[in-house]
Amino acid sequence: PALSGSHVSYNYPYFYRMEKEQIKEFYSNEMEKDRLELELFQLEGIRTKEIISRYLVRERMSIADIGGGAGYYAFWLQSLGHPVTLVDLSPKNIELVEERSKRSGAKLAAFHTGDATKLYLKDDQFDLVLLGLLRLVEVVELTEQARDDLVVEQLLRIGPGEVRLC
């Protein structure tokens, strides 16, 4: 398996150093609902899609979107024919995914709440794993490096292919 960047250590802004319950509360206001469709954030969405597209090397790839928020990239990838499993810590974001699925008729392969440090997904089932870094779970009991290593270990376990940190 390949990992972009041989060492995973990030300088997180303060509000990403929250405990899990604080993170859930932070995202409970539906901030991710249509954020990437707002003019201020459209470039982020366009550019990230360009970057992800580089790794879509086959017509149909099984993709995990860990920390996928309200599903902006997951629904786009699903529309291209890739089965996508989305996992996010925030129950509100998962509600938004469900609402979008019902409203649009688009169905992801799966979506559920989950923690990037403890993924309950089968080994080697994904061709591509995306990790939304800014939504990375901060586990206060672990040192930053130990937490990062744990997340990377989980991502490499579920996907035999590429792991991309977006």
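Just so it is clear, the model here is predicted, and its values are computed rather than measured. These numbers come from the heavy atoms of this one structure, side chains and all, not from hydrogens, waters or symmetry mates.
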**Student:** Return the CG to OH distance between L130 and Y55, rounded to the nearest 0.5 Å.
**Tutor:**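 Reported value, rounded in 0.5 Å steps: 10.5 Å.
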**Student:** Identify the two heavy atoms, one from A106 and one from S101, that lie closest to each other, and give their separation to 0.1 Å.
**Tutor:**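 Closest heavy-atom pair between A106 and S101: O-OG, 2.6 Å.
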**Student:** Can you tell me how far CG of D88 sits from CD1 of I66, rounded to the nearest 0.5 angstrom?
**Tutor:**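 Atom-to-atom, I66:CD1 and D88:CG are 9.5 Å apart.
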**Student:** Can I51 be reached from I46 by stepping across I, L, V, M, F, W or Y side chains whose heavy atoms are under 4.5 Å apart?
**Tutor:**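 No; tracing contacts between hydrophobic side chains, which count when under 4.5 Å, never links both residues.
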**Student:** Got a second to check how far D65's CG is from Y72's OH, nearest 0.5 Å?
**Tutor:**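 Here the interatomic distance stands at 12.5 Å.
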**Student:** What distance separates K33 NZ from R100 CZ, expressed to the nearest 0.5 Å?
**Tutor:**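 Going from NZ on K33 over to CZ on R100, the span is 11.0 Å.
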**Student:** Quick one, V97 and F75 - any side-chain contact, counting heavy atoms below 4.5 Å?
**Tutor:**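 Sidechains of F75 and V97: in contact.
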**Student:** Using the rule given for side chain to side chain contact (heavy atoms under 4.5 Å, CB included), can you reason through V87 versus L121, listing the C-alpha separation, both sets of side-chain angles and the distance that settles it, and then say yes or no?
**Tutor:** CA-CA 10 Å; V87 179; L121 299 168; 4.2 Å; yes
**Student:** Between L36 and Y73, is a side chain to side chain contact (heavy atoms under 4.5 Å, CB included) present by the stated rule, with each step listed?
**Tutor:** CA-CA 10 Å; L36 293 169; Y73 301 110; 3.5 Å; yes
**Student:** Does A110 have any side chain to side chain contact (heavy atoms under 4.5 Å, CB included) partners at least two apart in sequence or in another chain, and if so, which?
**Tutor:**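 Applying side chain to side chain contact (heavy atoms under 4.5 Å, CB included) to A110 gives T85.
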**Student:** Ignoring hydrogens and geometry, is there a side-chain-to-backbone donor-acceptor pair from Q125 to K122 under 3.5 Å?
**Tutor:**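 Here the side-chain-to-backbone pair exists.
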**Student:** Only one of I52, L56, L80, D127 forms a side chain to side chain contact (heavy atoms under 4.5 Å, CB included) with I63, so which one is it?
**Tutor:**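 By the side chain to side chain contact (heavy atoms under 4.5 Å, CB included) criterion, I63 pairs with just one of I52, L56, L80, D127: L56.
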**Student:** Determine the minimum heavy-atom distance between R58 and H82, stating which atoms define it.
**Tutor:**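 That closest heavy-atom pairing would be O-CE1, 3.3 Å.
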**Student:** Nearest 0.5 angstrom please: L89 CG to I94 CD1, how far?
**Tutor:**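 Taking CG in L89 and CD1 in I94, the distance rounds to 9.5 Å.
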**Student:** Quick check on the hydrophobic clustering: are L108 and L96 connected, directly or via other members, by side-chain heavy-atom contacts under 4.5 Å?
**Tutor:**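 No, separate clusters.
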**Student:** Indicate if L43 and W76 have the same hydrophobic cluster label, given that clusters are the connected sets of ILVMFWY residues with side-chain heavy-atom separations under 4.5 angstrom.
**Tutor:**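 No, separate clusters.
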**Student:** Looking at E32 and K92, is any side-chain nitrogen of the basic one under 4.0 Å from a carboxylate oxygen of the acidic one?
**Tutor:**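 Between E32 and K92 there is no salt bridge, as every charged N stays at least 4.0 Å from the carboxylate O atoms.
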**Student:** Working to the nearest 0.5 Å, report the span between OG1 of T113 and CD of E95.
**Tutor:**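 Output value for this atom pair is 10.5 Å.
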**Student:** Which pairs, with at least one residue in residues 48-57 and sequence neighbours excluded, count as a salt bridge (Lys or Arg N to Asp or Glu O under 4.0 Å)?
**Tutor:**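 Those involving residues 48-57 are R47-E50.
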**Student:** Without swapping roles, check the side chain of Q78 against the backbone of K107 for a donor-acceptor pair under 3.5 Å.
**Tutor:**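 Answer holds: yes.
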